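First comes the structure, then the notes that go with it.
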Amino acid sequence: MIEVNVKLKVGTFSLEVAFANGAGVTALFGQSGSGKSLTLNLIAGLMRPDEGYVRVGGKTLVDTEKRIFLPTHRRRIGLVFQDSNLFPHMSVKQNLLYGRWFAPRREREIDFDAVVETLGIGKLLGRPPARLSGGERQRVAIGRALLSCPKLLLFDEPLAALDMRRKLEIMPLIERVRDEFKVPIVYVSHAVEEVVRLAACVVMIDAGRVKAIGDPAEVFGTMESQTSEARFDRSSVLTGVVRGESPLVGLTELEHPSGTVWLAGPAGPVGSTARIVVKATDVVLSLSQPRDISARSVLSGAVEEIQFDGPLATVEIALDGDGRLFATATKGAIDQLELAPGARVFALFKTTALDERNVAMAPQAAS
Amino acid sequence: MLNLSPSVLADLSPAEWTAIWLSLRIAVVATLISLPFGIFTAYALARWHFPGKTLVNGIVHLPLVLPPVVTGFMLLIMLGRRGVFGPFLASIGIVLSFRWTGAAVACAVMGFPLMVRAMRLSFEAIDRRLELASGTLGASRLWTFFLVTLPLALPGIIVGAILAFAKALGEFGATITFVSNIPGETQTISAAIYTFTQVPGGDEGALRLTVVAIIIALVALIASEIIQWQAEKRLASIE
């Protein structure tokens with residue numbers, strides 16, 4: 001259980017963030033400069049709040065009213081940085097054991113071999129960090145934080161410095177850490193895919209305030225949260241059931257009450273529930289069921305709301321059955337189709353715009 | 001004619017050997033006693049913000065810019081038998097004036113700015129986020145200092161110590177002013193060479209000691225290169 005309620009003024013920026021979550025991953029989501037990293041620093045004790053408290057598992061880390069402030073090294077919090085910050089003068093093994101040495105003997109519950117095995121870093125133990133690739137370094141950094149046997153793991157954009165292939169390699173490891181070692185996690189990111197994939201609870205932060213809080217589909221399913229995002233970051237979360245892989249190489253069919261979604265890549269075992277992230281800029285709207293067109297994924301629904309923003313508009317569609325989809329279109333197109341709240345529409349997107357990067361297993365299905 | 005063959009070492013008189021050993025002893029002791037103070041001062045100047053920091057920095061660097069004789073005279077005023085702190089030091093059994101220990105203190109003071117400069121640079125070059133990482137892993141500031149900061153600053157600390165050692169070996173002005181030039185007690189290689197040059201026919205003795213000084217300097221330089229090369233090899237990972 002983590003409870004955060006903090007206020008802090010830095011220059012002209014004011015931060016006021018409050019949230020609470022149980023087990024699993026809590027994602028702090030927002031654009032850069034939104035205050036999510038500042039919140040993380042307050043939890044880690046790298047900064048002091050002007051007012052408020054942070055509690056983890058019933059233990060108070062900071063409380064301005066009760067005049068409690070635990071310094072970072074007494075908080076028992078593992079922090080994984082964007083650039084792994086491994087100690088260059090120690091071997092991988094020494095790095096891994098560093099935090100363990102400071103943990104009270106009775107609380108060294110996390111097994112060294114289990115962590116090494118989970119993260120696949122057995123062959124790296126004798127090497128200096130200089131001779132590791134970016135992805136390997138981040139694995140070791142995760143192991144190092146985990147082996148300090150923390151009460152809470154903090155991830156500060158751990159994948160931001162990695163290329164797409166490495167991201168896809170590290171993400172399942174973070175999921176395994178989440179599921180196997182049962183340490184609560186706070187995960188800071190501005191990437192929708194990561195947040196949707198990993199988090200049970202998303203705290204959306206914008207300009208120092210909590211804009212929305214809840215499960216990913218809920219949080220990304222409101223017009224307000226969409227418009228607080230930069231245009232290319234606006235994305236919807238769809239939940240569907242994996243129907244099976246097409247004999248055509250690698251294509252996956254995902255069933256949604258309002259239609260079928262095709263993915264160019266795997267999405268999990270047949271029958272399981274999958275979440276996918278669809279960018280608003282990838283969605284095309286049509287008034288009639290389209291026929292002679294290459295886009296294979298077609299979902300039906302009704303326009304709920306249209307919000308204009310200069311020459312562009314964001315359209316919110318209530319999909320038949322369940323879920324919400326957001327699409328960006330030009331004002332001209334909206335006028336030409338005479339789109340208005342209540343209108344029936346078909347939303348199309350190209351299969352090639354979706355692959356395993358957009359897939360997020362529902363957290364309950366993964367454990 | 002002057003004898004330039006390597007056999008000069010064989011001709012060294014017992015008094016000259018005494019000067020050599022005394023020089024080495026003074027330089028080693030001067031380096032060792034200034035090491036903890038140097039590390040502390042360098043760290044404080046690199047990391048802390050405190051009132052009067054500029055003043056402290058100035059005082060540390062003073063021996064570098066003052067004439068050595070002035071520094072030696074100030075030591076005499078402060079630590080001499082009749083100096084400001086002399087009687088107090090004498091009461092707890094520490095007598096510095098006209099003793100080799102005083103020479104070590106003079107050498108330590110003269111080498112201090114060089115030592116602090118090198119160490120300060122290496123502390124400033126350390127990535128602070130490594131120390132933050134250490135803190136999140138449960139290490140207190142003191143542990144972090146000894147396990148992360150100090151090892152990472154090691155190349156600079158070695159350079160600082162070598163510079164201070166070299167300065168101590170060559171120190172002349174402050175030493176001779178503070179503790180004079182007493183054979184067997186405060187007469188270092190430099191002071192002995194100086195004495196030789198002041199007497200007729202002393203050139204040969206001066207030359208013998210000059211060769212010794214060159215050998216010591218070369219050995220120290222090569223040793224420092226090797227130590228530093230190894231320390232840097234271990235830290236090669238900093239990108």
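FYI, side chains are in, hydrogens and waters are out, and symmetry mates aren't considered; it's all heavy atoms of this structure. Small disclaimer: the values here were computed from a predicted structure and weren't measured.
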Inter-residue atom distance B/Leu152.CG - A/Met90.CE, 0.5 Å rounding: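 Going from CG on B/Leu152 over to CE on A/Met90, the span is 8.0 Å.
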Interatomic distance, B/Ile158 atom CD1 to B/Ser224 atom OG [nearest 0.5 angstrom]: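 Separation between the atoms: 9.0 Å.
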Name the region of [X], side chain, backbone, both or neither, that has any atom closer than 4.5 Å to a heavy atom of chain B.
X: A/Leu79; answer: both
X: A/Ser148; answer: side chain
X: A/Leu86; answer: backbone
X: A/Arg144; answer: both

Salt bridge present between A/Arg55 and A/Asp63 (N-O < 4.0 angstrom):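 Between A/Asp63 and A/Arg55 there is a salt bridge, with a charged N closer than 4.0 Å to a carboxylate O.
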Which of B/Ala133, B/Ser140, B/Ala139 touches chain A most, by non-hydrogen pairs under 4.5 Å: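 Max contact count across the listed options: B/Ala139.
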Main-chain N/O of A/Gly30 paired to A/Lys36 side chain as donor or acceptor, under 3.5 Å: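 Checked: pair present.
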Member of B/Phe123, B/Phe145, B/Phe112, B/Trp48 meeting the ring pair (Phe, Tyr, Trp, His ring centres under 6.0 Å) criterion with B/Phe40: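 Of the listed residues B/Phe123, B/Phe145, B/Phe112, B/Trp48, the ring pair (Phe, Tyr, Trp, His ring centres under 6.0 Å) partner of B/Phe40 is B/Trp48.
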For chain B, the option from A/Asp83, A/Leu154, A/Leu46 that forms the most heavy-atom pairs under 4.5 Å: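 Most heavy-atom pairs within the cutoff with chain B belong to A/Asp83.
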